[in-house]
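Here the structure is laid out as structure tokens; the discussion comes afterwards.
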Amino acid sequence: MTAAPLQNDRFLRALLKQPVDKTPVWLMRQAGRYLPEYRETRKKAGDFLSLCKNADLACEVTLQPLERFPLDAAILFSDILTIPDAMGLGLYFAEGEGPRFKKPIRCAKDVEQLIIPDVEVELGYVMNAVRVIRRELNGRVPLIGFTGSPWTLATYMVEGRGSSTYANVKGMMYEQPALMHQLLKKTTDVVVDYLNAQIAAGAQTVMVFDTWGGVLTPRDYKEYSLQYMTDIVSRLNTDTPEGKVPVILFTKGGAQWLPEMAESGCDALGLDWTVDIGKVRKQVGDKVALQGNMDPCMLYAGPDRIQQEVRTILDAYGSGSGHVFNLGHGIHPQINPEHVAAMVEEVHRHSAKIHAKADV
């Protein structure tokens with residue numbers, strides 16, 4: 001099948017630091033519970049995992065935010081924990097308590113027994129969703145594929161669920177560092193296969209979510225998280241017939257490591273809301289594009305306050321390309337969709353003025 005030409009490529013152009021007419025915008029978790037139409041589709045699917053594994057329904061919810069807002073990218077509807085599930089840990093979701101694993105990793109035998117999946121088989125439903133979404137997008141905007149970082153996946157795999165203390169995973173890291181590296185290496189190999197399969201299926205950008213990297217010390221972050229993300233970047237098949245597939249790295253709580261992250265070989269860095277984007281731009285120079293970074297809680301405010309914050313962030317970044325507007329983390333389920341509309345509108349309106357001045 002011949003891919004339809006892109007009608008709106010400003011997201012890809014910004015990631016590659018090429019000129020754009022407006023700053024592109026998309027939202028982490030833009031397909032999700034804040035949209036009533038998403039809740040209806042999830043009800044139709046039966047549960048979250050069934051929704052992820054049904055390519056047509058995953059496509060439906062991926063496209064829903066694009067019907068409401070003039071966003072500049074779509075992101076594959078899936079979950080970062082599909083990889084540990086395919087590795088044999090038994091993912092399930094406890095109502096009101098988030099993801100759980102039936103068989104968490106606690107010892108060397110558990111790591112040895114991990115399945116190394118054929119991603120086109122055990123995770124084939126993800127690639128099916130990518131292909132269906134690309135077909136239905138028909139060139140409207142680019143499609144983002146994604147994964148969790150090895151450290152973040154390992155955190156869930158060892159804890160067996162979300163955690164506030166990270167007692168098990170940090171205990172393993174400090175007491176049995178060789179075992180932790182064995183787990184991270186195995187997970188990294190699967191992540192590389194997984195992202196390359198998404199790219200082959202049609203993902204036009206890929207993003208690595210390092211949700212729990214910020215809980216590490218500076219030394220441990222470089223050894224147990226950034227090292228493996230850098231390895232992933234070096235092994236991705238990003239040169240495709242359609243063009244280069246940009247790679248975005250995002251570490252929540254990782255502000256102090258952004259200069260080191262910029263040396264990883266990635267094309268862009270996602271920023272949480274704890275940094276000033278203008279200062280980060282001066283820190284990293286022209287090495288990478290930047291994505292972010294409005295506090296998701298700003299969307300609880302009214303449209304006027306939201307639009308003021310949008311202008312503040314755009315002005316802080318300044319003129320020139322290399323900026324993708326986004327939240328500093330995923331959108332909250334209780335957000336009013338009209339507030340999202342106000343944000344997206346102001347990103348395009350105000351940034352058009354900035355880019356027009358830069359062209360004069």
Side-chain angles (χ1 to χ4, degrees), residues 28 79-84 87 89 99 101 104-105 111 114 145-196 206-236 246-275 280 283-284 287-288 290-293 328-330:
M28 288 185 268
D79 193 271
I80 64 169
L81 299 182
T82 54
I83 286 180
M87 295 177 79
L89 300 193
F101 286 110
I105 301 291
V111 175
L114 279 170
F146 69 92
T147 180
S149 72
W151 166 255
T152 292
L153 296 178
T155 299
Y156 280 107
M157 293 163 81
V158 176
E159 295 292 337
R161 57 187 295 180
S163 174
S164 59
T165 62
Y166 312 96
N168 294 304
V169 70
K170 284 194 171 187
M172 181 184 290
M173 179 182 75
Y174 288 133
E175 184 67 22
Q176 302 180 79
L179 181 60
M180 178 55 69
H181 281 299
Q182 185 183 351
L183 173 57
L184 289 168
K185 284 171 185 171
K186 279 193 171 187
T187 307
T188 296
D189 288 343
V190 179
V191 165
V192 170
D193 289 347
Y194 184 55
L195 287 182
N196 278 331
V206 291
M207 182 164 172
V208 180
F209 286 89
D210 186 31
T211 310
W212 301 126
V215 308
L216 293 167
T217 68
R219 180 192 64 248
D220 293 329
Y221 175 76
K222 290 165 191 172
E223 180 176 351
Y224 293 97
S225 184
L226 184 56
Q227 173 187 180
Y228 291 99
M229 291 195 290
T230 301
D231 184 35
I232 290 165
V233 173
S234 72
R235 294 164 63 190
L236 294 181
V247 181
I248 308 167
L249 298 187
F250 171 66
T251 294
K252 185 183 178 189
Q256 62 182 310
W257 305 307
L258 291 167
E260 289 93 338
M261 292 175 72
E263 301 291 342
S264 66
C266 70
D267 299 285
L269 295 177
L271 309 180
D272 67 19
W273 63 92
T274 64
V275 294
V280 175
Q283 275 185 309
V284 302
K287 287 190 180 73
V288 291
L290 299 176
Q291 178 175 278
N293 63 329
H329 202 243

> In chain order, what residues pass the side-chain contact (heavy atoms from CB on, under 4.5 Å) check against Pro104, with sequence neighbours excluded?
Replying inline: Arg106
> Does any pair with a residue in residues 183-193 pass side-chain hydrogen bond (donor to acceptor under 3.5 Å, both in side chains), and if so which ones, sequence neighbours excluded?
Replying inline: Asp189-Arg235
> If you round to the nearest 0.5 Å, how far is CE of Met173 from OG1 of Thr155?
Replying inline: 9.0 Å
> Who passes side chain to side chain donor-acceptor pair (under 3.5 Å) against Tyr224, sequence neighbours left out?
Replying inline: none
>> Could you check whether any side-chain N or O of Trp151 sits under 3.5 Å from a backbone N or O of Trp212, counting only pairs where one atom can act as donor and the other as acceptor?
In response: yes
> Do the non-hydrogen side-chain atoms of Ile105 and Val111 ever get within less than 4.5 Å of each other?
Replying inline: yes
> salt bridge (Lys or Arg N to Asp or Glu O under 4.0 Å): which pairs involve residues 148-174, sequence neighbours left out?
Replying inline: none
> Do Phe250 and Gln291 have side chains that get closer than 4.5 Å, going by heavy atoms?
Replying inline: no
> Are any non-hydrogen side-chain atoms of Val169 and Met157 less than 4.5 angstrom apart?
Replying inline: no
> Excluding sequence neighbours, so at least two apart, what forms ring pair (Phe, Tyr, Trp, His ring centres under 6.0 Å) with Tyr228?
Replying inline: His181
>> In the structure I gave you, are the side-chain heavy atoms of Met87 and Leu153 within less than 4.5 Å of one another anywhere?
In response: no
> Do you know the tightest heavy-atom contact between Ala255 and Val275?
Replying inline: CB-CG1, 3.1 Å
>> The criterion is side chain to side chain donor-acceptor pair (under 3.5 Å); which residues satisfy it with Asp210, sequence neighbours excluded?
In response: Ser149, Thr152, Ser225, Thr251
>> Quick check: closest heavy atoms across Met261 and Gly254, and the distance to 0.1 Å?
In response: SD-O, 4.4 Å
>> List the residues meeting ring pair (Phe, Tyr, Trp, His ring centres under 6.0 Å) with Phe209, not counting sequence neighbours, and say none if there are none.
In response: Phe146
>> Is the shortest side-chain heavy-atom distance between Tyr194 and Ile232 below 4.5 Å?
In response: no
> Does Ser164 have any side-chain contact (heavy atoms from CB on, under 4.5 Å) partners at least two apart in sequence or in another chain, and if so, which?
Replying inline: none
> What residues, two or more places apart in sequence or in another chain, satisfy side chain to side chain donor-acceptor pair (under 3.5 Å) together with Thr217?
Replying inline: Asp220
>> If you define the side chain from C-beta out and look only at heavy atoms, does anything of Val208 sit under 4.5 Å from Leu195?
In response: yes
> Do Tyr156 and Ile80 come within less than 4.5 Å of each other through their side chains, counting heavy atoms only?
Replying inline: yes
> Going by the salt bridge (Lys or Arg N to Asp or Glu O under 4.0 Å) test, which pairs reach into residues 260-275, not counting sequence neighbours?
Replying inline: Lys222-Glu260, Lys244-Asp267, Glu263-Lys287
> Hey, is the main chain of Glu223 close enough, under 3.5 Å, to the side chain of Gln227 for a donor-acceptor pair?
Replying inline: yes
>> Any heavy-atom pair between the side chains of Leu183 and Val158 that's under 4.5 Å?
In response: yes
> Quick one: CE on Met207 to CG on Leu249, what's the gap to the nearest 0.5 Å?
Replying inline: 8.5 Å
> Between Ser163 and Tyr166, which heavy-atom pair has the shortest distance, and what is it?
Replying inline: OG-N, 2.8 Å
> For Leu269 and Cys266, which heavy atoms make the closest approach, and how far apart are they?
Replying inline: CD2-SG, 3.6 Å
>> So which atom in Val192 and which in Leu236 form the shortest heavy-atom distance, rounded to 0.1 Å?
In response: O-CD2, 4.2 Å
>> Show the nearest heavy-atom pair for residues Pro99 and Leu81, with the distance to one decimal.
In response: CB-CD1, 3.4 Å
> What pairs with Trp273 under ring pair (Phe, Tyr, Trp, His ring centres under 6.0 Å), at least two apart in sequence or on another chain?
Replying inline: none
